[in-house]
Undergrad: 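Supplied in structure tokens, the structure appears directly below.
All ligand and atom numbering here is 1-based and tracks the order in the structure.
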Amino acid sequence: RGKRAFIAGVADDNGYGWAIAKSLAAAGAEIIVGTWVPALNIFESSLRRGKFDESRVLPDGSLMEITKVYPMDAVYDSPDDVPEDVKSNKRYAGSSKWTVKELVESVKQDFGSIDILVHSLANGPEVTKPLLETSRNGYLAAISASSYSFVSLLKEFVSIMNPGGASISLTYIASERIIPGYGGGMSSAKAALETFISSFPMFPCLIQVLAFEAGRKHKIRVNTISAGPLRSRAAKAIGFIDMMIDYSLANAPLQKELSAEEVGNAAAFLASPLASAITGAVVYVDNGLNAMGVGV
Ligand code: NAD
């Protein structure tokens, strides 16, 4: 049978999650997705009403099928962790079993196992604030939603992932270099997600530790893609995405706009047997911008 992929963090057809789903579908994988609870209704109804049909078209002309959409909130591991105000919030009350443990239990009941786990989500409530104006709660919320959420998802999914499986997360160069405007602790959250500190190459990073543990225990590979700028919903909320795209166009070795599909294709490669010896890696899919030391 084909491989089965769970992609966490798809709520429209503009982001990296959608593009990764398409590349995996084009390569023959079955697609199931996890959608943030507050965005679930609009995503599902748009999907039903055919709003995404144009962007569902695969290279062979067929339409990508999403076998199932699960509600999720990666900030909560089990129902005990959910505060009352969230439980009673009407956007949440309409859905059930959206904490990480319950989600994985539902996927297990419905499908038995998966082969590929993609983490394509991030959230920083104070992302537009400089770090020096960020509150403790805002900072910790960014780390919880954008970094620990990957540990939590992998931790629960690994028990139903087939040996030889792969997981992929997405990171951003702001973890290693100063990107003014990427605030609210989001740069720290990405650093905590990948911790690829180039000046300390001996420093083991989260991706490497997870690659070691999941590799030894479950024969699962763990890699992360450091993606260049894309005009996704999340990126537009940060407020400087057009500037970052222009900057890349002007300064990267490859002077073209990065398409989400290019990141999707790299993810499909990393998830495939073609990458069977690659684990613990940070792969840059950014037209080479990371290699520049100065704008030109
Ligand atoms: P996106 O808006 O398509 O994806 C972010 C998703 O996270 C959304 O679907 C949102 O609903 C979901 N989400 C937020 N909080 C959540 C929670 N608590 N539980 C579950 N889901 C939650 O935007 P994107 O830019 O494609 O982001 C995908 C990944 O790519 C992120 O990790 C992002 O940091 C990374 N990335 C983006 C860029 C860029 O320029 N767009 C560059 C490098 C890396």
Undergrad: Which residue owns the protein heavy atom closest to atom 27 (O) of ligand 1, what's the atom, and how far is it?
TA: Ser120 O, 4.3 Å

Undergrad: Considering only the protein, which heavy-atom contact is closest to atom 42 (C) of ligand 1, and what is its distance?
TA: Gly228 O, 3.4 Å

Undergrad: Determine whether the side chain, the backbone, both or neither of Met244 has a heavy atom under 4.0 Å from any heavy atom of ligand 1.
TA: neither

Undergrad: With a 4.0 Å cut-off, would you call Glu262 and Lys256 a salt bridge?
TA: yes

Undergrad: Taking distance alone, with N or O pairs closer than 3.5 Å, would you say Ala145 contacts ligand 1?
TA: no

Undergrad: Would a 4.5 Å heavy-atom cut-off, applied to side chains only, mark Phe43 and Val69 as touching?
TA: yes

Undergrad: Between Asp12 and Arg233, is there a salt bridge with N-O shorter than 4.0 Å?
TA: yes

Undergrad: Check step by step if side chain to side chain contact (heavy atoms under 4.5 Å, CB included) holds for Met161 and Arg4.
TA: CA-CA 10 Å; Met161 281 176 82; Arg4 184 176 297 122; over 6 Å; no

Undergrad: Using a strict threshold of under 4.0 Å (side-chain N to carboxylate O), is an ion pair present between Glu176 and Lys190?
TA: no

Undergrad: Atom 7 (O) of ligand 1: which protein heavy atom is closest, and how many Å away?
TA: Leu121 CB, 3.3 Å

Undergrad: Of all the non-hydrogen atoms in the protein, which one sits nearest to atom 39 (C) of ligand 1, and at what distance?
TA: Leu230 N, 3.5 Å

Undergrad: Once you round to the nearest 0.5 Å, how far does CG of Asn162 lie from CD1 of Ile220?
TA: 7.5 Å

Undergrad: Please list the nearest protein heavy atom to atom 11 (O) of ligand 1 with its residue and the distance rounded to 0.1 Å.
TA: Trp36 CB, 3.3 Å

Undergrad: If only side-chain N and O atoms count, and only distance matters, is there a donor-acceptor pair under 3.5 Å linking Asp60 with Ser62?
TA: yes

Undergrad: For atom 37 (C) of ligand 1, state which one of Phe150, Tyr16, Tyr172 supplies the nearest heavy atom.
TA: Tyr16

Undergrad: Please answer: with hydrophobic residues joined when any side-chain heavy atoms are less than 4.5 Å apart, are Val75 and Phe6 in the same cluster?
TA: no

Undergrad: Just go through Ile241, Thr171, Leu170 and tell me whose heavy atom is the nearest to atom 44 (C) of ligand 1.
TA: Thr171

Undergrad: Identify the two heavy atoms, one from Tyr172 and one from Glu194, that lie closest to each other, and give their separation to 0.1 Å.
TA: O-OE1, 3.8 Å

Undergrad: Please list the nearest protein heavy atom to atom 25 (O) of ligand 1 with its residue and the distance rounded to 0.1 Å.
TA: Ser232 OG, 2.6 Å

Undergrad: To the nearest 0.1 Å, how far is atom 3 (O) of ligand 1 from its closest protein heavy atom, and which atom is that?
TA: Gly15 CA, 3.2 Å

Undergrad: If you measure every N/O of Ala74 against every N/O of ligand 1, is any gap under 3.5 Å?
TA: yes

Undergrad: Any nitrogen or oxygen of Lys190, side chain or backbone, less than 3.5 Å from one on ligand 1?
TA: yes

Undergrad: Under 3.5 Å, N or O to N or O, is Ala234 touching ligand 1 that way?
TA: yes

Undergrad: How far is atom 15 (N) of ligand 1 from its nearest protein heavy atom, and which residue and atom is that?
TA: Asn123 ND2, 2.9 Å

Undergrad: I need the minimum non-hydrogen distance between Thr134 and Glu126, along with the two atoms involved.
TA: CA-OE1, 3.4 Å

